[in-house]
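Protein chains get the first letters and strands the later ones, always in sequence-line order, with residue 1 at the start of each.
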Amino acid sequence: MYSLNQRFDNRDIPEEEYMTPGHVACAGCGAALSMRLALKGLGMPTALVIPASCWTVIPGLWPMTSMKVPLFHTAFEATGATISGLKAAYRKRGMDNICVVGWAGDGGTFDIGIQALSAAAERNEDVIYVCYDNEAYMNTGIQRSGGTPIGAWTSTTPAKNPKAVPKKDIEEIMLAHRIPYLATATAAYPGDLIAKFKKARTIKGMRFIHLLSACPAGWKMPENLSVEVMRLAVLSNIFPLYEVENSEIYRQTIIPEEIVPVERYVRLQGRFRHLSDHDIARYQEMIDQRFERLKERFDKTANA
Amino acid sequence: MKHIDQKVPTTLCAISTTSSAVNKTGSWRFSRPVFIDSIPPCSYECPAGEDVAGFMYLAANGRFEEAWRLIIKDNPFPAITGRVCFHGCEAKCNRAEHDEAVSINSVERYIGDYGLNHGLTVNNNSAKRGEKVAIVGAGPAGLTASYYLRLWGYHVTIFDSSALPGGLMRYGIPSYRLPKEILDGEISRLRQMGLNFKMGTTVGKDISWNKIDRQFDAVFVAIGAHREATLKVKGIEKKGILNALRFLREVNLGRQPVLGKRVAVIGGGNSAIDCARVSRRFDANVTIIYRRREAKMPANAEEIKMAREEGVQFLFQAVPLEVCGNETVAGLRLQKVALKNANSSDRGQPVPTGETFYIDCDTLILAIGEDVNKEDLPRHITYKRNRVETGHMGRIGDSKFFAGGDIIDTPRTVTHAIASGKRGAVGIDRFLAGLPLGKSSLDPYRLGDSENISFSLTTSTVPFPKRNRTREVVNYSNLNPFYFDRRPRMKTGIIPAEERARSFQDVVISPIEEEVTTEARRCFNCGSCTGCGNCYLFCPDLCVKNDPDGNGYTVDMDYCKGCGICVQECPRGAIKMEFVRE
């Protein structure tokens with residue numbers, strides 16, 4: 001049975017699972033859900049490289065693992081280098097069909113791992129780099145990162161003195177490397193996420209996928225709202241879903257029928273509790289401005 | 001579960017060898033998701049307790065025969081109710097808060113017509129029973145009771161004083177609302193079930209109540225209310241004054257009524273509207289006179305609108321004082337009334353203002369209601385506010401007599417009559433089996449605290465799995481509206497007013513299949529698991545799985561951490577969180 005009246009038809013979602021239950025992600029973890037869906041899109045054969053991050057812990061303590069694909073744990077700053085090396089090793093051994101995927105958090109991407117990532121992108125290594133972005137160093141206790149949005153509380157940017165600078169525009173950084181494929185995705189839109197991973201697998205060269213990944217503990221919200229919050233990020237244009245081919249052709253893949261105010265997204269999360277209506281209005285302006293810049297590029301593609 | 005059990009060939013680095021499946025994360029949980037089956041507001045509101053969400057789902061998939069079979073579990077006349085039901089279901093539809101209510105009535109009409117057009121018959125294969133049941137009155141209540149009792153294997157004999165069965169559905173409702181061939185089609189299906197019709201037989205006259213009492217093991221009485229109320233005004237004995245039901249009966253028998261050119265109808269109910277619209281079809285100028293405001297009319301708002309479009313005029317807050325004329329009606333002297341205490345809940349009490357006026361008319365139709373004619377009923381019956389007093393399942397006292405339809409205390413609509421017939425049939429079935437007939441004995445078939453019985457929602461697992469039935473009615477806040485886009489309600493095709501005021505043809509144009517499936521897809525299927533897969537898809541812990549028995553999904557409690565995403569993302573409110581100490 002399925003539903004004819006529902007907005008999304010889930011029948012196209014691959015049934016195969018590449019993870020086992022028993023992993024130790026917190027209840028309602030967006031990162032665990034993102035990985036589960038991403039692997040459905042990637043399929044086999046795939047090899048994962050994960051630096052220090054929540055995902056170092058999630059698969060379980062040695063000798064356990066929740067993965068049905070090989071996973072190599074690497075150092076915080078080394079994801080870009082490790083995936084490059086792993087891919088080269090597989091190629092040398094005649095196993096070029098294996099898709100090598102680096103899976104790092106926002107800390108490991110925006111801050112600590114950016115040098116290795118930039119170098120791998122510059123060399124246009126034939127790998128997929130995924131940043132699952134929960135907007136702070138969640139695993140070590142919610143310290144601010146380059147991915148933390150302006151105004152957010154973290155343990156190092158307390159409510160009295162919240163983060164004063166906006167989130168790094170990681171997409172623009174990556175596109176400046178002229179990579180063949182970049183996409184944003186979130187588990188709130190599983191069909192879109194899976195389609196992007198499927199597509200990424202068919203492309204050669206450096207592919208970068210930016211996943212917004214809710215963290216109930218760090219965002220200070222109830223676990224059951226993970227998906228709802230990720231969806232509101234999309235519907236409010238805080239995290240528009242799009243893909244860019246050859247760093248040139250922008251395409252918005254999910255176009256909200258009606259834009260919701262950022263306030264709805266912000267007010268669900270305790271990390272923004274201290275924000276005044278004035279702060280939220282300013283945040284709304286910033287989001288609108290950023291989206292306008294993107295929209296020009298979407299329109300350019302759509303009208304071409 | 002695939003474990004990664006491998007020999008470690010090198011000591012260069014640590015390699016995991018065991019699946020995390022050994023780690024039962026279910027122990028983290030302090031609340032757990034439970035699949036539930038809650039009551040959709042439409043079904044809760046439906047006197048017949050139809051599984052609207054279910055037949056909508058089947059119709060959306062083009063499975064019309066299954067949809068028809070689902071409806072007739074609760075209502076033997078979908079093609080009739082699809083036309084004449086007041087559809088309170090639509091007033092409570094959760095979709096109304098989203099965009100517009102689903103046109104449940106149109107879809108039911110199509111499904112009912114589908115059954116007629118495809119000659120669908122009832123599977124009547126239950127074991128035969130020896131007991132004999134008499135049904136007195138072949139209206140919607142009596143026919144419904146006979147349908148169920150026959151279905152359960154009893155010998156059923158139906159007595160009615162008219163020549164043809166149908167009661168008010170045949171002799172009251174005009175054919176532009178309910179074409180006779182639709183009525184005949186629905187009743188002929190009942191005939192095929194092996195009912196014994198004794199038409200033209202008035203019980204109490206042609207055959208005595210005592211004889212019925214002796215010959216039958218149980219009796220269901222639903223003879224309707226026929227005692228005409230009359231107005232206490234001067235000149236009410238004049239010629240040219242008609243009673244609404246008698247007037248409608250004449251017309252429905254195909255006779256030409258004696259009607260003037262200027263007709264006044266007194267009353268504000270559906271029969272007043274029927275009389276007015278019928279009179280328009282005989283080319284009369286018609287005015288409806290009602291003592292309260294339009295908003296307080298008991299008649300269906302759609303009927304009022306159509307009557308107005310057809311040229312019926314309305315005079316509100318007026319009461320007749322005198323019928324003028326010599327021997328025949330020539331006019332009416334009326335008095336304006338004010339309304340005391342009228343508000344949203346109270347219809348208000350009309351009080352005379354003293355201001356009088358006069359209107360011309362040569363025919364006056366009284367549509368001011370009918371009472372139960374006590375002389376037509378057996379003597380042992382007791383009454384309460386002029387209605388037959390009954391127990392929970394229509395039983396009269398401790399006797400073998402049961403009652404339903406317009407003679408008991410229930411709103412006078414076809415659908416309520418169907419509901420009373422069904423309740424009576426359950427009562428008779430239990431009575432003959434020697435089972436108790438208390439209030440709680442209907443609980444297994446009732447929807448929450450509603451009085452209505454639903455067989456489809458309580459006994460059928462088609463089309464949705466029924467697990468953990470709750471007594472809660474689903475409201476819009478239980479749904480996740482994100483999963484439903486906004487789409488306008490289907491437009492019901494109605495014949496233009498000038499054209500329909502000239503004929504007795506059905507005023508509504510039957511919808512086509514495509515319109516119906518599109519409309520049925522608008523249904524949220526509130527409170528039911530349609531197997532959409534959201535709970536499965538959004539589980540971060542991989543613990544929602546297809547149920548091996550085909551009943552939707554199950555949650556693997558070994559690993560469920562109790563995050564509640566499945567509950568939040570269920571579009572239909574078919575899962576809830578339960579806090580438990582485990």
Subject >> Set of ring pair (Phe, Tyr, Trp, His ring centres under 6.0 Å) partners for B:Tyr536, sequence neighbours left out >> reply: none
Subject >> Residue part contacting chain B, namely of A:Leu71, when any heavy atom lies under 4.5 Å >> reply: neither
Subject >> Toward chain A: residues of residues 474-484 of chain B with heavy atoms under 4.5 Å >> reply: B:Asn480, B:Phe482, B:Tyr483, B:Phe484
Original post:
Quick one: does B:Thr18's side chain have a donor or acceptor within less than 3.5 Å of a partner on A:Met64's backbone?
Top reply: no
**OP:** With sequence neighbours excluded, give me every ring-ring contact (aromatic ring centres under 6.0 Å, His included) pair touching residues 26-50 of chain A.
**Re:** none
Original post:
Can any side-chain N or O of A:Arg11 pair as donor or acceptor with the backbone N or O of B:Gly533 at less than 3.5 Å?
Top reply: no
Original post:
Which atom pair, heavy atoms only, marks the closest approach of A:Ala32 to B:Pro540?
Top reply: CB-O, 4.0 Å
Subject >> Heavy-atom contact with chain B under 4.5 Å, split by part of A:Ala31 >> reply: neither
Original post:
Do other residues, nucleotides or ligands put more than 12 heavy atoms under 6.0 Å from the CG atom of A:Leu61?
Top reply: no
Original post:
Which one, A:Pro216, A:Ser66, A:Cys29, leads in non-hydrogen pairs under 4.5 Å with chain B?
Top reply: A:Ser66
Original post:
Are A:Thr20 and B:Ser19 side-chain neighbours, meaning at least one heavy-atom pair lies under 4.5 Å?
Top reply: yes
Original post:
Are a donor atom and an acceptor atom from the side chains of A:Gln6 and B:Arg572 found within less than 3.5 Å of each other?
Top reply: yes
Subject >> Contacting moiety of A:Ala187, where chain B heavy atoms sit under 4.5 Å >> reply: backbone
Subject >> Atom CZ of A:Arg7: over 12 foreign heavy atoms under 6.0 Å >> reply: yes
Subject >> B:Cys566 versus chain A, the contacting section by heavy-atom distance below 4.5 Å >> reply: neither
Original post:
Which residue out of A:Arg231, A:Met35, A:Lys40 racks up the most heavy-atom pairs below 4.5 Å with chain B?
Top reply: A:Arg231
**OP:** Any chance you could lay out the side-chain contact (heavy atoms from CB on, under 4.5 Å) test for B:Lys545 and A:Glu17, step after step, and finish with the verdict?
**Re:** CA-CA 11 Å; B:Lys545 294 173 183 143; A:Glu17 301 286 356; over 6 Å; no
Subject >> A:Asn5 and B:Asn525: CA distance, side-chain angles, deciding distance, side-chain contact (heavy atoms from CB on, under 4.5 Å) verdict >> reply: CA-CA 9 Å; A:Asn5 57 358; B:Asn525 316 110; 3.0 Å; yes
**OP:** Show the numbers, then the answer: is there a side-chain contact (heavy atoms from CB on, under 4.5 Å) between A:Ser226 and B:Gln568?
**Re:** CA-CA 9 Å; A:Ser226 276; B:Gln568 179 70 23; over 6 Å; no
**OP:** Could you tell me which of B:Asp541, B:Asn546, B:Asp558 has the largest number of non-hydrogen atom pairs under 4.5 Å with chain A?
**Re:** B:Asp541
Original post:
So, do B:Lys561 and A:His23 sit near enough that their side-chain heavy atoms are less than 4.5 Å apart?
Top reply: yes
**OP:** Measure across B:Cys563 and A:Gly28 and return the closest heavy-atom pair with its distance rounded to 0.1 Å.
**Re:** CB-N, 3.2 Å
Original post:
Hey, what do you get for CG (B:Asp485) to CZ (A:Phe8), rounding to the nearest 0.5 Å?
Top reply: 9.5 Å
**OP:** Please tell me if the side chains of A:Arg36 and B:Cys539 come closer than 4.5 Å, counting only heavy atoms from C-beta onward.
**Re:** yes
Original post:
Does A:Trp62 reach the main-chain N or O of B:Ala14 with its side chain, forming a donor-acceptor pair under 3.5 Å?
Top reply: no
Subject >> A:Leu33 side, atom CG; B:Ile565 side, atom CD1 - distance, nearest 0.5 Å >> reply: 6.0 Å
Original post:
Where does A:Leu37 contact chain B at under 4.5 Å (heavy atoms): side chain, backbone, both or neither?
Top reply: side chain
Original post:
A:Asn224 and B:Val567: side-chain contact (heavy atoms from CB on, under 4.5 Å), yes or no, with the steps?
Top reply: CA-CA 8 Å; A:Asn224 63 331; B:Val567 177; over 6 Å; no
Original post:
Given side chains that start at C-beta, do those of A:Glu228 and B:Glu569 come closer than 4.5 Å, heavy atoms only?
Top reply: yes
Original post:
Around A:Lys199, counting heavy atoms of other residues, nucleotides and ligands shown, do more than 12 lie under 6.0 Å from its NZ?
Top reply: yes
Subject >> For A:Arg273, salt bridge (Lys or Arg N to Asp or Glu O under 4.0 Å) partners two or more places apart >> reply: none
Subject >> Interface moiety of A:Pro222 toward chain B, non-hydrogen atoms closer than 4.5 Å >> reply: neither
Original post:
Of all heavy-atom pairs between A:Pro21 and B:Ser20, which one has the smallest distance, and what is that distance?
Top reply: O-OG, 2.9 Å
